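Below, chain A is the first sequence line, B the second, and so on; all start at residue 1. Everything numeric here is computed off the predicted structure, so don't read it as measured data.
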Amino acid sequence: MLKDFFGAEVEKAIEKAVNKNQLGQMTECPKGVLSVEKPKNLEFGDFAVNVSALARFAKLSPTQIAQEIAANLDIKDCEINVIGGFINFKTGFRLLKDLIEEILEEKETFAKPKKINKEKILLEYVSANPTGPFHIGHGRWAAMGSTLANLLKFWGHDVTQEFYINDAGSQIDKLGQSLKIRIQQELGEKIDFPTDEAERKNYYTGEYLIPIAKKYIQERRNRKAETDFLNVKILADYAKNEMENLQKTLLKDFGVSFDIFYSEQDLHDSGKVEACVKKLKEMGKLYEKDGAIWFKSSDYGDEQDRVIKKADGSNTYLTADIAYHLDKLERGYDRLINIWGADHHGYVARVRASIEALGYDPNKLEVLLGQLVNLVINGEEVRMGKRKNMVTLDELIEEVGIDATRFWMIMRNIDTTLDFDIELAKTASDENPVFYVQYAHARACSILRNAVAEKIDTQTGQKIPAPISEKELAELSENYDKNILAPIFEEKETFDSARKLILKLEEYKSLIKFSAENRQVYTICRYVQELAVDFHSFYTVSRVITEDKAMMKARLALVTATKTVLKNALDLLGVSAPEKM
RNA sequence: GUGCUCGUAGCUCAACGGAUAGAGUGUCGGUCUCCGAAGCCGAAGGUUGGGGGUUCAAUUCCCCCCGAGCAUACCA
């Protein structure tokens, strides 16, 4: 990418200058001190390197250093100017046209690196209890996780997406008890959940169990008399399966595809949990206290030791989680990435501790902690967690659609609490960034359609031939003239917006790299908005379909390239790129 | 109390330690005989919560306050 190109050129120039003793006391170019950035003010140039950091090595003023380095730069087709400690580069025709060629040729693989340090990654996210519908917070992890998976795959990693089903423990019993009450209610019995608040906590009182109760009764209508009709264990399994299916369907509709659904119960049943405890014990990482068995996690950076087996002999949730992560490692993954809600942050240290205690590299585990989602309805924040106010993910999607839901869930940094404004996300207007971006794509498609469309003169009724033939349009991206963009560079009035657009397209490469390496998917949302801005500006000043055929081809090539990048980016986000809206 | 994540324009958010702190939205003002006006152009809007420190340079790093969310289980 151009950033790297200029960085390398500057380093070469520094070496030359050092050899000529032009950089004071500097004897070599220090690594990692300089970086290429985008100037704050675009009038300075397209890229800039700030050499001020070299001042303390050279013992010269930044201005002097910049001038010496610039004097040693030899880049064709590029304007260089020095302001203070900044060396600014303004790219010329050749560099920019190469870039458009690259996009036109590579299409959906544009910005995909040729070679990376490929890792086998297990990405775990959502991992909800099968005891109720997803709430909107799950939607954030689902959208972010699937986007991250798309991105890491595109970057070249081998990614497995996994959903850990928390289907073990007392909650499943609670689920069975709750379904039992719902069934009895459906059968006309006068029974209800306890009114006492403490006791009520032992039930799932949400109405979502009612349809499941109805379905159960319908399915077993001929076997009502059987003694196990209201067997809580059977009911629990039934409800669990139903909830899991609902969740899976929703995930699929939401554009999220897991490779593996991993059951916690299976982990117990297969003996892996016990085996893991045994292993920890043999390795001397456990001890007994107050009738319980503890894991010495404080030896590995956790703030205190944790219970692995309770005094009553049962396992804690953590025990299964340790076994689960051990299992992941034994399955041979180089890297485990988990997306967890911030409310689980206390867990990071202990799971990491367990990985280290078991003899694995704890750095293989990467936990992305996501801040929670607040719902804003009519300008008022609705705190989640209060059952009455709970809005489920399927309700949200129903309200605002999949595209908008995904985009809004992804567009903020994972570190910030997300305010999801339903009214705003719903509006199909300029207030909504999703539509703004999609509109840009639809507009690009529309131009391309019009370019090859025959028209009929409304006055005379005569056919007006298409501005350009299908064949010629196809040639723009297949077998095109290498100087196709030249006319754009010759027309002064529209050149600025075109070069801005081209540079923004170029930035896609840096963006993908940054986003993949830092697991920051929200940057894609920002980028796509910026690209749309530059495209709309370009469109406004540059008439694409014109009499001047060479200019038309040049601009159509640029429109095609923009459309390609927009589509690629939206695909990563799992947001549709409509050809018409 | 302690730990984690934060605090930036009216609102929602950006900004590898670097140039005049930027976008969107909202407000105000322009702009359609012509490829989609769901667009474009412009204006106003800031003591980056407060105070110290490190640095040639701090929204960014460190310390102390103030404020918010989350976590501080032999629950899952």
### Task
Anything under 30° is parallel, anything over 60° is perpendicular, the rest tilted; go ahead and classify A:Phe6 against A:Phe89.
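Aromatic pair A:Phe6/A:Phe89 classed parallel.
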### Task
Report the nucleotide, chosen from B:C13, B:G36, B:A19, that has the shortest atom-to-atom distance to any side-chain atom of A:Arg443.
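Nearest nucleotide to the side chain: B:G36.
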### Query
Of the candidate nucleotides B:G22, B:A19, B:A38, which contains the atom at the shortest distance from the side chain of A:Asn88?
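From the listed options, B:A19 comes nearest.
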Sugar-phosphate, base or nothing in reach of [X], heavy atoms under 4.0 Å:
X	value
A:Gln171	sugar-phosphate
A:Ser127	nothing
A:Ala320	nothing
A:Phe295	nothing

Between atom [atom1] in [X] and atom [atom2] in [N], what is the gap in whole Å?
X	N	atom1	atom2	answer
A:Lys563	B:G36	NZ	P	15 Å
A:Phe535	B:A38	CZ	C1'	14 Å
A:Asp321	B:A76	CG	C1'	10 Å
A:Arg526	B:A15	CZ	C1'	8 Å
A:Leu372	B:A68	CG	P	17 Å
A:Ile410	B:U12	CD1	P	21 Å
A:Trp408	B:G24	CH2	P	15 Å
A:Glu579	B:C35	CD	P	20 Å

### Query
Is there a side-chain contact (heavy atoms from CB on, under 4.5 Å) between A:Val351 and A:Ile322 once you walk through the steps?
CA-CA 6 Å; A:Val351 173; A:Ile322 293 173; 5.6 Å; no
Is the shortest side-chain N/O distance from [X] to OP1 or OP2 of [N] below 4.0 Å?
X	N	value
A:Lys310	B:C75	yes
A:Thr131	B:A76	no
A:Tyr539	B:A38	no
A:Tyr522	B:A14	no
A:Asn450	B:G36	yes
A:Ser446	B:G36	yes

#### Entry: Short N-O contact, A:Lys309 and A:Glu274, less than 4.0 angstrom
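The answer is yes: the pair qualifies as a salt bridge.
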#### Entry: Residues A:Asp237, A:Lys233: salt bridge by 4.0 Å N-O rule
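A:Lys233 and A:Asp237: salt-bridged.
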### Query
Taking the six-membered ring for Trp, does A:Tyr439 stack with B:G36 (centroid gap under 5.5 Å, planes within less than 30°)?
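No, aromatic ring not over the base.
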### Any donor-acceptor pair under 3.5 Å from A:His345 side chain to A:Ala342 backbone
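Confirmed, A:His345 side chain pairs with A:Ala342 backbone.
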### Query
For B:C32, is chi within 90° of 0 (syn) or not (anti)?
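B:C32: syn glycosidic orientation.
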